[in-house]
A.B. asks: 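Input: one structure, supplied below.
None of the values given here were measured: they were computed from a predicted structure. To find a chain, count down the sequence lines: A is the first, B the second, and so on, and within it residues start at 1.
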Protein chains: 2
Amino acid sequence: MSGTNRRRITSKELAKLAGVSSATISRAFSPDSRIGSATRDRILAVAREYGYQPNAIARSLNNQRSRLVALVVNAIGNPCEAEEQQLLVHRLQARQLLPILLCCADHSDRLQLMRLASTYQVDHVVIFSDMVSMQDAVDIFHTTRPIIVSFEPLENEDVSNIRIDGAVGAGEIIDKIVGDGKKRFAYLSGTKSSWIDKLRRKWFADALARHGLAFEAEAFGDYSYDSGFKEAVLLLHRSKVDAIICGNDVMAIGARDAARRVLGKNTPDDIAIVGQDGIAMAAWDCNDLTTLSLDHAAFMDAVVEVIERHEAGDEGPHSITLACTPRWGSTA
Amino acid sequence: MSGTNRRRITSKELAKLAGVSSATISRAFSPDSRIGSATRDRILAVAREYGYQPNAIARSLNNQRSRLVALVVNAIGNPCEAEEQQLLVHRLQARQLLPILLCCADHSDRLQLMRLASTYQVDHVVIFSDMVSMQDAVDIFHTTRPIIVSFEPLENEDVSNIRIDGAVGAGEIIDKIVGDGKKRFAYLSGTKSSWIDKLRRKWFADALARHGLAFEAEAFGDYSYDSGFKEAVLLLHRSKVDAIICGNDVMAIGARDAARRVLGKNTPDDIAIVGQDGIAMAAWDCNDLTTLSLDHAAFMDAVVEVIERHEAGDEGPHSITLACTPRWGSTA
DNA sequence: TATCGTTGTGCAAACGATTACACAAACGAT
DNA sequence: ATCGTTTGTGTAATCGTTTGCACAACGATA
C-alpha cells in the first residue's frame, strides 16, 4: 500500500515480518495446501500491508509452467484479425493466462521472434498468422505443441488445429450470384503464398465449377484496404469481370470503393463483390457486405477448448472444424 | 534440430556435452564477456545441434529484468486503438522486448488483471486504456514506473506520460465548419468517465466559444460504431443540430451512417460530422472523414523514447506532448 | 629467470519461489 | 497411559541462469 518503495518484498522478508518460514508464506498463497487457517489469514493480512505478491517468474522457474501464451499473429491493426484475437485474449485472461503478442507483419524476422518467445517457456502457442510455416513453428516450439489456426494439414505432423470449412457457404453465395446473372468471376487473394488463402479460393472455384464456370482473372493483395482498392482497379481495367470474390472483408471494401469511384460501377447491379471473415464492419450500414462469415466467438471457444485439453495433459492432437456461413448484404 | 524430444536441454547438460562448465555456456551467449572465441564457436555449434537456448525465465530471475512490457489497452478489436498498438508492438519487438497484452474492455476485473501482470516483473508498463485510474496503475506497478498515454495530469505524481494537444487543430476545424454556416453543435463522447474524452471535448468547446457558440447537445457512447449510430439517432431526433463532433473516428462513421440512413441527412451539406484519431479507415474512399488526426508513428516513437530513457536509468518523469492536426475529408 | 598483466575457465552463491521430507504437537480411541 | 493418525510448520533441495572471485596458463617485459 505504501506505494513508494522501489523494490518488491520477497517471501523470505515477509516470512521474517510474519514470524514464519518462507515455505509457510508460499503455502498461504496456494489454495489447497496444509496450513492453519489462522496462520493463513495473518499472512495474507501482512502481505496486503506490505504489498507482497508471489513473484511469477520465480514460481514459473520452479513449476515449469509459466501461464504465458504466445499469440502469433500477422497484425492487430487489421480488424479482420483483431476482432478474433480480442475474443481470445478475453478468454485467456479469464483463465489467468497472459498472452504474449508476436506480430509477424512487415519485415520483422518471424523466426527469430518465435525463438525469442519460446525462451520464455510459454505454456501454449496459438498461431493465427499464415506467414509462418507450420514446420518452423513445430521446430521452434518443440516443447510446447502449438495450436495452429486454419492451417495446412500435414499428415505426418501431430499438431492440434482449428480449421474452417466454407465449401457449403461459398456454394450458396455463388449460386445466388450466378442466379442474378453474373458470369465472369475474379478472385482477389489476400496473399500469394498462404495455404489458407488457396483453400478459401478452392471453395469458390469448386462452386463455380458446378455451374460450368471458372475464375477468369486473379490478383494478389496483402489483406489491406489499399491493396484491395489497387488490385481491383487493375483487375477491372484488364478484364471484364462482373463479380469479385475477395480474400477478406477489408479488401472487399477496398474493391467495392475502387469499382464505384474509379470505374463508376455499383454493387450489386454492375458488379458483385464478396468478402470473407464476417467482421463487425461488414455489417455497418455504409458497407453492408455480402461475406462468407465465421462465428468468431465459436472459433475462439474452440481454441480455448484445445488449450484446456492440453492443460489437462491430453495433447491430442486435437482437430476441430467450423463451418462458415453467408452473411447477405447488398454487395452481391 | 531433432525436434521431437519434449524437454528442453539445460545449460548444465549442454556444458557436459561441450566439456565445459555451465558458466562458460552462459558466457558464450553473452556478447561481451571474457571467453575464448574458439570455445564460444564450439559451444554455439553444439547448442545449435541440440536446440539449446538460454531459459529466459531463469535469466530474468537472476537479472531482475524480464524484457517484458505490459500493454494495458481497452480493446484491440477497435481499430482506433489497434493501429497505434500495432506500431508500438513492432517497435518493441525490434528491441527484443515482448509485449504482454491486457485488455480492459468488457467486464474483466482490470485491477486483478494488472496485479497479475505485475507479478511477472514486467520492465515497463504502457497504459493506453482510459478505463484504469492512474493512481491504481501507480500503486499496482509501484516498482515499474508506468508510462501513461494521454492521461490526466496529476501534479503530485511523477509518472512519465505522453499527451496530445488538439486545441489548435480543433480550432481550425471549428472555424471551417462555422464558416460553412453551421451553428448548432453536438458532442458525442466516447465515454462518460474518461479524462481524455473531457479534454478533447474542451478543445472543441473552447473553439466554439471563440465564435460565441457552445454545444447544444451531448451524448455518450462507448467508442463503438453501434453506439455512434444509436446515439446519433437519438440526438438528431431530440435536437436540431447541424454538426456533430465525435469522440473517435469509428463513432463518427456510425453517426454519419445514422444521419444518412435514418434521418436522410447528407454530409457535409445537411450536417457536418467530425471524428478524432485519424485512423487509416478515415481516409478510405467510402468514409473520407474530416477528423482531428494524430501522427500515430510519432506518437509511438515518443512512447519508445520514454521507454529507452527509463531503460537507461533516467526515470524522469518524462513528458512529451504531440499536436493533433486536421485531416480534411468530405464530411465537414 | 622472475615479474607482471592478460586471458580463459571453473566454483559457488545468488535470484525468489515451491515442495518432499521430517518432525513436533494435538487429538481420539483403546 | 499408549498408540496411531492428523495437522501445521520448518529445513533444505530444486528450478536454470548469471556473475564475482579465484586461479592457472600464457606471453611480454625487464
Side-chain angles (χ1 to χ4, degrees), chain A residues 6-44 46-47 50-68 96 116 118-123 143, chain B residues 5-44 46-47 50-68 96 115-116 118-123 143:
Chain A
R6 307 298 280 113
R7 214 175 58 76
R8 212 169 279 268
I9 193 176
T10 72
S11 73
K12 209 166 291 183
E13 296 170 306
L14 190 71
K16 192 142 291 177
L17 290 166
V20 294
S21 79
S22 72
T24 303
I25 300 291
S26 172
R27 285 190 268 256
F29 283 87
S30 294
D32 30 39
S33 60
R34 285 191 350 197
I35 184 178
S37 58
T39 322
R40 162 171 283 149
D41 292 347
R42 183 162 47 87
I43 289 178
L44 291 182
V46 182
Y50 289 90
Y52 170 82
Q53 294 262 113
N55 180 325
I57 296 288
R59 167 185 291 168
S60 303
L61 180 60
N62 182 286
N63 280 350
Q64 315 275 58
R65 333 203 82 247
S66 62
R67 303 201 70 74
L68 295 172
Q96 310 272 87
L116 178 59
S118 82
T119 66
Y120 282 82
Q121 320 297 111
V122 292
D123 288 349
T143 57
Chain B
N5 40 341
R6 306 299 280 112
R7 216 176 55 76
R8 210 168 280 268
I9 193 176
T10 73
S11 73
K12 210 166 288 182
E13 295 170 304
L14 190 72
K16 192 143 290 178
L17 290 166
V20 295
S21 78
S22 72
T24 304
I25 300 290
S26 171
R27 286 190 266 256
F29 283 89
S30 294
D32 29 40
S33 60
R34 284 192 350 198
I35 185 178
S37 58
T39 322
R40 162 171 283 149
D41 293 347
R42 184 163 46 87
I43 288 178
L44 292 182
V46 182
Y50 289 91
Y52 171 81
Q53 292 263 112
N55 180 324
I57 296 288
R59 169 184 289 168
S60 302
L61 180 60
N62 184 286
N63 281 349
Q64 314 274 57
R65 335 203 80 246
S66 62
R67 303 201 69 73
L68 295 173
Q96 310 271 90
R115 270 191 284 265
L116 178 59
S118 82
T119 65
Y120 282 82
Q121 320 297 110
V122 293
D123 288 349
T143 59

A.B. asks: Could you tell me how far apart A/Asp32 (CG) and C/dT18 (P) are, to the nearest whole angstrom?
C.D. replies: 13 Å
A.B. asks: List the atom of A/Ala18, the atom of A/Ile43, and the distance in Å for their closest heavy-atom pair.
C.D. replies: CB-CG1, 4.5 Å
A.B. asks: Just how far is it from atom CD1 of B/Ile57 to atom CG of B/Leu68, taken to the nearest 0.5 Å?
C.D. replies: 7.0 Å
A.B. asks: Between P on D/dG10 and CZ on A/Arg27, what's the gap in Å once rounded to a whole number?
C.D. replies: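 Taking CZ of A/Arg27 and P of D/dG10, I get 8 Å after rounding.
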A.B. asks: So, is A/Ser11 near the phosphate of C/dA17, with a side-chain N or O under 4.0 Å from OP1 or OP2?
C.D. replies: yes
A.B. asks: Indicate, with a heavy-atom threshold strictly under 4.0 Å, whether B/Thr24 touches base, sugar-phosphate, or nothing.
C.D. replies: sugar-phosphate
A.B. asks: Which whole-number value in Å describes the distance from A/Lys12 NZ to C/dC15 P?
C.D. replies: 8 Å
A.B. asks: Both B/Arg40 and A/Ile9 contact DNA chain C. Which one's nearest nucleotide lies toward the 5' end?
C.D. replies: B/Arg40
A.B. asks: Within the side chain of B/Thr119, is there an N or O that forms a donor-acceptor pair under 3.5 Å with the backbone of A/Gln53?
C.D. replies: no
A.B. asks: Name the residue closer to the 5' end of DNA chain C, choosing between B/Ala23 and A/Thr10 according to the nucleotide with the nearest heavy atom.
C.D. replies: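 The 5'-side residue here is B/Ala23.
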A.B. asks: Side chain of B/Arg34 only, heavy atoms from C-beta on: which candidate in C/dT19, C/dT9, D/dG8 is closest?
C.D. replies: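 Selected nucleotide: C/dT9.
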A.B. asks: Rounded to whole angstrom units, what separation is found between the CG atom of B/Leu14 and the P atom of D/dT18?
C.D. replies: 12 Å
A.B. asks: Any heavy-atom pair between the side chains of B/Ile25 and B/Tyr52 that's under 4.5 Å?
C.D. replies: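 A side-chain contact under 4.5 Å exists here.
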A.B. asks: For a side chain to side chain contact (heavy atoms under 4.5 Å, CB included) check, start with the C-alpha distance between A/Val20 and A/Arg42, then their side-chain angles and the critical distance, and finish with the verdict.
C.D. replies: CA-CA 10 Å; A/Val20 294; A/Arg42 183 162 47 87; 4.1 Å; yes
A.B. asks: Just call it for A/Phe29: base, sugar-phosphate, or nothing, with non-hydrogen atoms closer than 4.0 Å on any strand.
C.D. replies: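 Since no nucleic acid heavy atom lies under 4.0 Å of A/Phe29, the category is nothing.
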A.B. asks: Can you tell me the distance, in whole Å, between the NZ atom of B/Lys16 and the P atom of D/dG16?
C.D. replies: 14 Å
A.B. asks: Go through the steps to decide whether A/Arg7 and B/Thr143 satisfy the test side chain to side chain contact (heavy atoms under 4.5 Å, CB included), and finish with yes or no.
C.D. replies: CA-CA 6 Å; A/Arg7 214 175 58 76; B/Thr143 59; 5.7 Å; no
A.B. asks: I need the residues from residues 53-66 of chain A with at least one non-hydrogen atom less than 4.0 Å from DNA chain D; give them sorted by number, or say none.
C.D. replies: A/Leu61, A/Asn62, A/Gln64
A.B. asks: Look at B/Tyr120 and C/dG16 and indicate whether a side-chain polar atom (N or O) is within less than 4.0 Å of OP1 or OP2.
C.D. replies: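 It does not, given that no N or O in the side chain of B/Tyr120 lies less than 4.0 Å from OP1 or OP2 of C/dG16.
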A.B. asks: According to the Watson-Crick and G-U wobble definitions, with both distances under 3.5 Å, which nucleotide is paired to C/dT30?
C.D. replies: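 Pairing partner, where one exists within any strand: D/dA1.
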A.B. asks: Between atom CZ in B/Arg67 and atom C1' in D/dT17, what is the gap in whole Å?
C.D. replies: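 Going from CZ in B/Arg67 over to C1' in D/dT17 covers 16 Å.
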A.B. asks: Tell me the interatomic distance from B/Ile43, atom CD1, to C/dT9, atom P, rounded to whole angstroms.
C.D. replies: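 B/Ile43 atom CD1 is separated from C/dT9 atom P by 8 Å.
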A.B. asks: With a 4.5 Å limit on heavy-atom distance, are the side chains of B/Glu13 and B/Thr10 in contact?
C.D. replies: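 With C-beta onward as the side chain, the pair touches.
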A.B. asks: Of A/Ser22 and A/Ser37, whose nearest nucleotide on DNA chain D comes first from the 5' end?
C.D. replies: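 By nearest-heavy-atom nucleotide position, the 5'-most residue is A/Ser37.
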A.B. asks: Who is the Watson-Crick or G-U wobble partner of D/dT11, with both distances under 3.5 Å?
C.D. replies: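 Its partner is C/dA20 (Watson-Crick or G-U wobble, both distances under 3.5 Å).
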A.B. asks: Expressed as a whole number of angstroms, how long is the span from B/Arg8:CZ to D/dC15:C1'?
C.D. replies: 15 Å
A.B. asks: If you round to the nearest 0.5 Å, how far is CZ of A/Arg59 from OG of A/Ser11?
C.D. replies: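 These two atoms lie 11.0 Å from each other.
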A.B. asks: For A/Thr39, which contact category applies under a 4.0 Å heavy-atom criterion: base, sugar-phosphate, or nothing?
C.D. replies: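 Answer is sugar-phosphate: A/Thr39 comes under 4.0 Å of backbone atoms only.
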